[in-house]
Every structure is written in C-alpha cells, then in structure tokens.
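Written out below as structure tokens is the structure these notes cover.
Nothing here was measured: the structure is a model prediction, and the numbers come from that model. Just so you know, these numbers use all the heavy atoms, side chains as well, and skip hydrogens, waters and symmetry mates.
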Amino acid sequence: MRFTSEQRLDDGVLAREFTLGEIPGTLWTPESDAPVPLVLMAHNNGLPKSAARLVARARQTAAHGYAVAAIDAPGCGDRPRSAADGQARADLRRAMQAGEPVDEIFESFIGPLVEKAVPEWRTTLDALLALPGIDGPVGYSGWTAVGIRLAAVEPRIAAAGFFAGGYVPRAQREEARQVTVPLLFLLQWDDEGNPRQRALDLFDAFGAKEKTLHANLGGHTGTPWFEVEDGARFFDRHLK
C-alpha cells in the first residue's frame, strides 16, 4: 500500500489517498492515541469513492472514532472501463429512458462487478489491518450486493450496514441467507428504482439473528442524515 497524498480536515480527520496495485482508495482516520476499529465503506453499484455522499458519510464515521476506507471498484471512478461495461451502461441508460425493464441489464454488469470487487476488498482489508493505528473488529457499510458477498466469505466482518437502493443480483439474493453478522438495513420507502417488496424480501432472507430495518419516506437519495449517526451507534455496539 502506497499513500500518495494526505490532508488534515477541519474536523480533525486525516484523509489519505492510497494505491494498492491497481486499486485506488481513500483512508480517513480520526485523531486517537489507541488503535481504532475499521469500517469498509462502498457506494451502491460502483459509484466512485469520491462521491460527495460517500465522503460525507466517511468523514462523519471517522470523526466518531473509526478508520474508514473506500476503494474504486473495477471499471468505476478513476479506473479504466471495459468495452463491455461501457456497452452495458449505455444499454441501461437507453432502457431507463424508454421505460423498459432493466433487471437483465443490471445482471449483466453488476453480477460480474461483484465477482471482481470482493477479492479486491479482501486484499485491501489485509493491507489496512497491517497499518499501525488500525485494529479489528471490522464493519462494512454501503453497497448491498458487494456487502452480502463480503460478509458471507470474510470472517473478519463483524457487522454490516446495507443500503437497499442498489440493484442486488439474483446470486447475492441467494447468498443473503449466509449473512449472519448483525445487520442494519436502510430502505427509502419511495425509491423509484428499487421495488419495495424486493427490498423487504431481501431483508427477510438475511440469515442474521440480529437484523434491523430502518425505512424512511423519500426517494433514492433522500436517506436522512440521522441514519449516518444511527449507523455509527450501530457500529459502536458491535465493533467497540
């Protein structure tokens, strides 16, 4: 892992850009005399780590006493996009504009993206836990499809917060039964791109004995800010 820049923000959080092979990432850490737990934070469906909503969530969580890391998934953010990825996204835009079904288009690129992204998250986790000042246990927050696979295969994940707004491939809907860590699931009740019943069925499928559903009125990007604060308290219960 090679750090390429760092900036001390006005809330005392240190933001550092890094590269790990071909993986670009950002690490936010609080001022602390003792090692802090780690939260991996991913944006739904591979949006870039620099997205404003993700950065705001990361800074708030870091200020609450956590190291927070985000990476760009393959073909997302600053990473090169394959011709197949570009075609799938173009097909998705065309279908959405025409009001056509989009599930199979999502399957064609979100499914392979999960397969590529999860091994990179595990490699990143190895490198992060080797850094001074960062310790387990580890939490996950954000992109549900990747989070399901990661929580199912990575024993170091101790708690997870998922956002219901991103498309979850059929394979991950089946894998949801393997997610047994404590879970916080956020649902926007009026999300125009996320069928409500599908999200409720997914919540029901999770194998966790401790799982909580928070549903709020509003569309896809309307998640209330207090959910970020509640998320930090959720991680306090399971990571500290």
Any salt bridge between [X] and [Y], counting N to O under 4.0 Å?
{"X": "R156", "Y": "D126", "answer": "yes"}
{"X": "R149", "Y": "E115", "answer": "yes"}
{"X": "D191", "Y": "R198", "answer": "no"}
{"X": "R196", "Y": "D201", "answer": "no"}

* To do: Specify whether Y167 and F106 have parallel, tilted or perpendicular ring planes, treating 30° as the upper limit for parallel and 60° as the lower limit for perpendicular.
  => parallel
* To do: Fit a plane to each ring of F18 and F3, take the angle between them on a 0 to 90° scale, and name the class: parallel (under 30°), tilted (30 to 60°) or perpendicular (over 60°).
  => perpendicular
* Do L128 and V138 pass the side chain to side chain contact (heavy atoms under 4.5 Å, CB included) test, and can you show the C-alpha distance, the side-chain angles, and the key distance before you say yes or no? -> CA-CA 11 Å; L128 291 168; V138 179; over 6 Å; no
* Candidates F206, F163, F234 - the one meeting ring pair (Phe, Tyr, Trp, His ring centres under 6.0 Å) with F185 -> F206
* To do: Let me see the working for E229 and R57 under salt bridge (Lys or Arg N to Asp or Glu O under 4.0 Å), right down to the final yes or no.
  => CA-CA 9 Å; E229 299 167 347; R57 287 167 43 218; over 6 Å; no
* **Cluster overlap L200 with L202, hydrophobic side-chain contacts below 4.5 Å** => yes
Identify the two heavy atoms, one from [X] and one from [Y], that lie closest to each other, and give their separation to 0.1 Å.
{"X": "A145", "Y": "Q172", "result": "O-CG, 3.3 Å"}
{"X": "P37", "Y": "K240", "result": "CG-CG, 4.1 Å"}
{"X": "G139", "Y": "I157", "result": "O-CD1, 4.5 Å"}
{"X": "A208", "Y": "V181", "result": "CB-O, 3.1 Å"}
{"X": "P30", "Y": "A67", "result": "CD-N, 4.1 Å"}
{"X": "R173", "Y": "V168", "result": "NE-O, 2.8 Å"}

Looking at [atom1] of [X] and [atom2] of [Y], how far apart are the two atoms once the value is rounded to the nearest 0.5 Å?
{"X": "L125", "Y": "L38", "atom1": "CG", "atom2": "CG", "answer": "6.5 Å"}
{"X": "T144", "Y": "N194", "atom1": "OG1", "atom2": "CG", "answer": "8.5 Å"}
{"X": "L184", "Y": "K211", "atom1": "CG", "atom2": "NZ", "answer": "13.0 Å"}
{"X": "D103", "Y": "S108", "atom1": "CG", "atom2": "OG", "answer": "11.0 Å"}
{"X": "W121", "Y": "I23", "atom1": "CH2", "atom2": "CD1", "answer": "9.5 Å"}
{"X": "N216", "Y": "E227", "atom1": "CG", "atom2": "CD", "answer": "4.5 Å"}

* Quick check: are there more than 12 heavy atoms from other residues, nucleotides or ligands sitting under 6.0 Å from CD of Q197? -> yes
Residue pair [X] / [Y], side-chain heavy-atom distance below 4.5 Å:
{"X": "V118", "Y": "V146", "result": "yes"}
{"X": "K49", "Y": "P24", "result": "yes"}
{"X": "L9", "Y": "R59", "result": "yes"}
{"X": "E120", "Y": "E22", "result": "no"}
{"X": "L150", "Y": "L40", "result": "yes"}
{"X": "M41", "Y": "T61", "result": "yes"}
{"X": "T180", "Y": "K209", "result": "no"}

Does the [X] side chain pair with the main chain of [Y], one donor and one acceptor, at a distance under 3.5 Å?
{"X": "R2", "Y": "L20", "result": "no"}
{"X": "T19", "Y": "G21", "result": "no"}
{"X": "Q188", "Y": "G219", "result": "yes"}
{"X": "Y66", "Y": "Q60", "result": "no"}
{"X": "D135", "Y": "V36", "result": "no"}
{"X": "R122", "Y": "V153", "result": "yes"}

* Go through L217 and D190 one step at a time and tell me if the side chain to side chain contact (heavy atoms under 4.5 Å, CB included) criterion holds. => CA-CA 6 Å; L217 296 177; D190 308 301; 3.9 Å; yes
* To do: Could you walk me through whether S141 and F162 pass the side chain to side chain contact (heavy atoms under 4.5 Å, CB included) test, one step at a time?
  => CA-CA 6 Å; S141 174; F162 293 155; over 6 Å; no
* salt bridge (Lys or Arg N to Asp or Glu O under 4.0 Å) between E104 and R170: does it pass, once the steps are laid out? -> CA-CA 10 Å; E104 293 308 316; R170 288 185 285 269; 3.2 Å; yes
* **Distance-only polar pair, side chains of E17 and T26, donor-acceptor under 3.5 Å** =>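 Result is yes, a qualifying pair exists.
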* Output, in order, the C-alpha distance, side-chain angles, deciding distance and verdict of side chain to side chain contact (heavy atoms under 4.5 Å, CB included) for L92 and F109. => CA-CA 10 Å; L92 177 63; F109 76 94; 3.9 Å; yes
